[in-house]
K.L.:
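Can you keep this structure in mind? I'll have questions shortly.
In what follows, chains are A, B, ... by sequence order, proteins preceding strands, each numbered from 1. These figures come from a predicted structure and were not determined experimentally.
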Amino acid sequence: MGKKELAALFSSNPDRYYKVQLFDKMGFARRKCGRCEKFFWTLDGDRQFCPDHENYSFIGRPPTKKKLDYVGAWKETEKFFHGNGHSVIGRYPVVCRWRDDLYFTIASIVDFQRVVGNKVVFELPANPLVVPQMCLRFNDIENVGLSGRHYTSFCMVGQACNADAEGGYWKDGCIDLDYGMLTEGLGISPEEITFVEDVWMGAGAFGCSLEFFVRGLELGNAVFTEFEGTEDDYRVMPNKIIDMGAGLERFSWITMGTPTSYDCCFGPVIDKMLQATGTDRNQDILSRYFGAVSSKLEQAGTIRELKSLVAKEMRIDEDKLAKMVAPHEAIYTVADHVRTLAFAISDGALPSNVGGGYNLRVILRRALSILERLDWSGIRVADIADMHIDYLSQMYPELADHRENVRTILDLEASRYVGSRERMNLTAGSLKARKKQTELTVEDLIRLYESDGITPDYLLEQGVIQAVPSSFYTKLADLHSASKAAGGQTNKPIHGLDDIPPTELLYYSDESIREFEATVLAVVENKFVVLDRTAFYPRGGGQEPDTGEIDGAKVAEVVKQADIVIHRVDDASGLANGRKIRAQVNGRRRDLVTKHHTATHVINSSSRNTLGSWVWQNSAFKEESYGRLDITHHSALSKEEVQKIEHRANSVIRSNRPVVIKTYDRGEAEKKFTFRIYQGGVAPSNNVRIVNIDDWDVEACGGTHVRNTGEIGLVKIIKSERIQDGVVRLEFVAGEAAVNYVQQQENQLASIAQSLGSSREKVLESFDRAMDESEAAKKKVKSMLRVVAESMGKSAGAQAKKLASGLRLYSTYDEELDDDYHIAVGEKAIEIEPALVYIALISKGQGIRVIVFAGEQARKKVKAGAIAKQVSGALGGSGGGDDRFGQGGGKSKDRIKEALLLAEEAAR
RNA sequence: GGGCUGGUAGUUCAGCGGUAGUAAUGCUCGCUUCGCAAGCGAGAGGUCGCGGGUUCAAAUCCCGCCCAGUCCA
């Protein structure tokens, strides 16, 4: 059963699914839309169609007396819901840290969804509640700024409650409130409101919903999440969820009736940008144009088609109209994109070419190219972000805290854009310069687009090509539909452990346990051992597992499968089922791994404090000999930055702060410590183990940790590298491993010093001198060779054997001098004596190298390349070259004599 | 995350199995010129991104990695 069938099913029983008390009380009548056959509820007796087929009649004549700007609309909403018993919750980050399957928060309900196993569960921090949730969506980018209502980020007013818990309400209560919000809150009269029947399907849950419209504009959608399971096999949820989402942008717009919703939702930003760019606001034409565009988008398909349609309707020349609206569209688009970036960067995201960061780079570059195209390059995106933050901090005060970070990242990315732009121009310029020689093929154009981001439109604009080939876009599309990603792999589970109770985890109850007694519960394949309790830490959270012994059997690997810890031993034949055993954990290893783990947390916060709030843990790994921490950061680290991070980390270690581990209810932990606890990823359970380094770092973590930071002793960052765009890897050593590392470095330095015949203090000086000397020696050899080649060439000519053919042959085997020498001498020799054939066999490494030169006269009879090939063949190799110069070689050193004889033979 | 392109003199690049390039530009020196712009001549400048492999021989071919760029999700 699909969405359509489900809708039909729900609508076939409206009393059960859709009719709420309000409809009866107020006399809303149910009608079937004359066009799309959807059902809707209205007080308007004349209404024939559902609002989907209606123009935006509020533009220019809003249905309210109140005029609410964006922040004003939220204040009104907040007041209404707070007055009606709702807790007002602060927005969640737009970067969705609490779900692995989403980069960004795409709807208000996402705030309260947690994935446990493969099921989505709802967790509300209050009941009922309302939240002004900023949401990011990148699926309609091309309409943003043009349609009047599309955004890459928007505020979804989320009204949510658990219907079956204390304080909860169900459909009647929800629609009463939403009706109240529209009428009392915004001041819309009841007969303006239409409710449309719909269904909503999400991850493993679904229900019916009522969308509400005013003058053609959808203001919100109240979803009644009632069933869980699939459409074909479902049951009523024990905790039904109300999920009403309404666009704050639309609340404001309906009261303002501006040509576009952008005009009323960006505070003073639009006006300031109009002013800064010197753009006129032709209120009348713009109102008519955008009014038509925003309400007709769905009927016309694309914006382009729509534009010509509207132009015709307005009886304005299409080009003239386009020219008039272009700067406004540009301002709207840029304002939108920069607002999205301000939120995303504030919440710790970075533009990059991987993951969600790519979307951010795309919109930033889009904004920059728009500014450039309209010759507004003087306007800095960082300044626009500032304006947004000034306005929005009335509603989202946390934005102001990140103002500097936002500016830093935007400026950095803008300068990167300028760089790549320059390259583009350069490439286009050089193409233009040589275009006469060859026409660019479609393949060339695709390569330029794919690898350099140079669009054919840009090349057209630059006059490099005369037209964009029609096959360009189809070929491009083919190319992309062809590539498809492969699936990931999972560890194969160990079977035969079905009825075993969860293992008691001694490494959590007391991390100091290194020896313990336990009972064997199962042995599988003579190597996998399960105990009733264990102090062995299993592989997880980037922490390597413990090793040790169970009754003498060596433990090589420890893993966790669901609630059971499985020890892999080399030979489990002594460990019968039910047997009591004694086990020892390798304490030295555990201590070092533990120190590296706590050090990871220390360095993570140290990096964030040093570099900026965008720093998050991307991944981490810790073992006995070292630890590795990947952080999100925009650039490679300088030596100074690394040292600063190291200094701070060590000062935290020296101050010996307590590390407190406590388990919290997940919601409580999120509330108390914010989402920064999810550095290592999302916690998969309802209880989270919080590792709290006093006044420094708080993370949800399942690993083992020291009790006080002082136990780490010392941390030394040994390497920092940029492993991909937006991710920097730090490798470090801690505790004893750090001491070992320092000693190793010292030994190395000492032996370098010794080799140089210097002391450790003067090793650099000595090294520089040695390098200079070797450089000078190389130069000397080169210049001497030039001098020597002349005389050696002459003497080679003089020594050469006279052959019957009139040619002269010089052949030699040389173990001392190298090929450079013989090339130089040979070249000279044939210059001096044109009848000469110069053959040198040179010992080189494992084999022999063959150099053959033939003088101008000699060339008439013999070919150097052929001789080289022949001689090399005798040496078990091969060779080649031209008539003048040939080279080759072989590996049979024992056949030098034969080769020399053959050489003489060949030269005859 | 996937694809593509590139990495050779200070810079921009050519070379794409056989001695690193009469390359452009910049640099140094000299000459021409009242001076400038410019011209002429000479010279210096290179671990061909790193590591493996194939080969007698790798900047060049193959594999892996790194860096930069770029497009797509």
K.L.:
I want to confirm an ordering. Mapping A:R416 and A:I823 to their closest nucleotides on RNA chain B, which one lands closer to the 5' end?
P.N.:
A:I823
K.L.:
Suppose we screen for side-chain contact (heavy atoms from CB on, under 4.5 Å). Which residues come up paired with A:D819, at least two apart in sequence or across chains?
P.N.:
A:I842, A:K844, A:R849, A:I851
K.L.:
Could you tell me how far apart A:D101 (CG) and B:G1 (P) are, to the nearest whole angstrom?
P.N.:
17 Å
K.L.:
In whole angstroms, how far is the P atom of B:G1 from the CG atom of A:D100?
P.N.:
14 Å
K.L.:
With sequence neighbours excluded, tell me which residues meet salt bridge (Lys or Arg N to Asp or Glu O under 4.0 Å) with A:R366.
P.N.:
none
K.L.:
Please list all pairs passing the ring-ring contact (aromatic ring centres under 6.0 Å, His included) test where one or both residues lie in residues 807-851 of chain A, with sequence neighbours left out.
P.N.:
A:Y810-A:Y838
K.L.:
Between atom CZ in A:R366 and atom C1' in B:C71, what is the gap in whole Å?
P.N.:
16 Å
K.L.:
How would you list all residue pairs meeting side chain to side chain donor-acceptor pair (under 3.5 Å) that involve residues 348-358 of chain A, not counting sequence neighbours?
P.N.:
none
K.L.:
Check the distance between B:G2's C1' and A:D725's CG and give it to me in whole angstrom.
P.N.:
15 Å
K.L.:
Is A:R365 close enough to B:U70 that one of its side-chain N or O atoms is under 4.0 Å from OP1 or OP2 there?
P.N.:
yes
K.L.:
So A:E721, base contact, sugar-phosphate only, or nothing? Heavy-atom distance under 4.0 Å.
P.N.:
nothing
K.L.:
Taking only side-chain N and O atoms of A:Y358, does any of them lie within less than 4.0 angstrom of OP1 or OP2 on B:C72?
P.N.:
yes
K.L.:
When the C1' atoms of B:U47 and B:C62 are considered, how many whole Å apart are they?
P.N.:
22 Å
K.L.:
State whether a side-chain donor-acceptor pair under 3.5 Å links A:E413 with A:S415.
P.N.:
no
K.L.:
Base, sugar-phosphate, or nothing for A:D820, non-hydrogen atoms under 4.0 angstrom?
P.N.:
nothing
K.L.:
So, using side-chain contact (heavy atoms from CB on, under 4.5 Å) as the criterion, who are the partners of A:F154 when residues are at least two apart?
P.N.:
A:C135, A:R137, A:Y151, A:M156, A:E249
K.L.:
Run the side-chain contact (heavy atoms from CB on, under 4.5 Å) test against A:Q745 and tell me which residues pass, sequence neighbours left out.
P.N.:
A:Y741, A:Q748
K.L.:
Test: side chain to side chain donor-acceptor pair (under 3.5 Å). Region: residues 854-880 of chain A. Which pairs qualify, not counting sequence neighbours?
P.N.:
none
K.L.:
Are the side chains of A:W616 and A:N618 in touch, meaning some heavy atoms are under 4.5 Å apart?
P.N.:
no
K.L.:
A:L360 CG to B:C71 C1': how many Å, rounded?
P.N.:
16 Å
K.L.:
Using Watson-Crick or G-U wobble pairs with both distances under 3.5 Å, give me RNA chain B in dot-bracket, 5' to 3', with [ ] for crossers and | for pairs to another strand.
P.N.:
((((((((.[[[[.)..(..].]]].(((((.......))))).....[[[[[..)....]]]]]))))))).
K.L.:
Check the distance between B:G69's C1' and A:H634's NE2 and give it to me in whole angstrom.
P.N.:
19 Å
K.L.:
Can you list everything that forms a salt bridge (Lys or Arg N to Asp or Glu O under 4.0 Å) with A:D814? Sequence neighbours excluded, please.
P.N.:
none
K.L.:
Provide, to the nearest angstrom, the distance between the CZ atom belonging to A:R361 and the P atom belonging to B:A68.
P.N.:
11 Å
K.L.:
Reckon A:G355 touches a base, only the sugar-phosphate, or nothing at all at heavy-atom distances under 4.0 Å?
P.N.:
base
K.L.:
Name the pairs: protein N/O against N/O of nucleotides 53-59 of chain B, kept only if under 3.5 Å.
P.N.:
residue, atom, partner, partner atom, Å
B:C56, O4', A:G889, O, 3.0
B:C56, N1, A:S878, O, 2.9
B:C56, O2, A:S878, O, 3.0
B:C56, O2, A:G889, N, 3.1
B:C56, N3, A:S878, O, 2.6

K.L.:
Figure out the CD1/P separation between A:I723 and B:A68, and round it to whole Å.
P.N.:
12 Å
K.L.:
Once salt bridge (Lys or Arg N to Asp or Glu O under 4.0 Å) is applied, do any residues pair with A:D336, and if so which ones, sequence neighbours excluded?
P.N.:
none
K.L.:
Given the C1' atoms of B:C48 and B:G7, what is the spacing between them in whole Å?
P.N.:
10 Å
K.L.:
Please enumerate all protein N or O atoms sitting under 3.5 Å from an N or O of nucleotides 43-50 of chain B, with distances to 0.1 Å.
P.N.:
residue, atom, partner, partner atom, Å
B:G45, OP1, A:K779, NZ, 3.4

K.L.:
Regarding A:T340 and A:H337, is there a side-chain donor-to-acceptor distance under 3.5 Å anywhere?
P.N.:
no
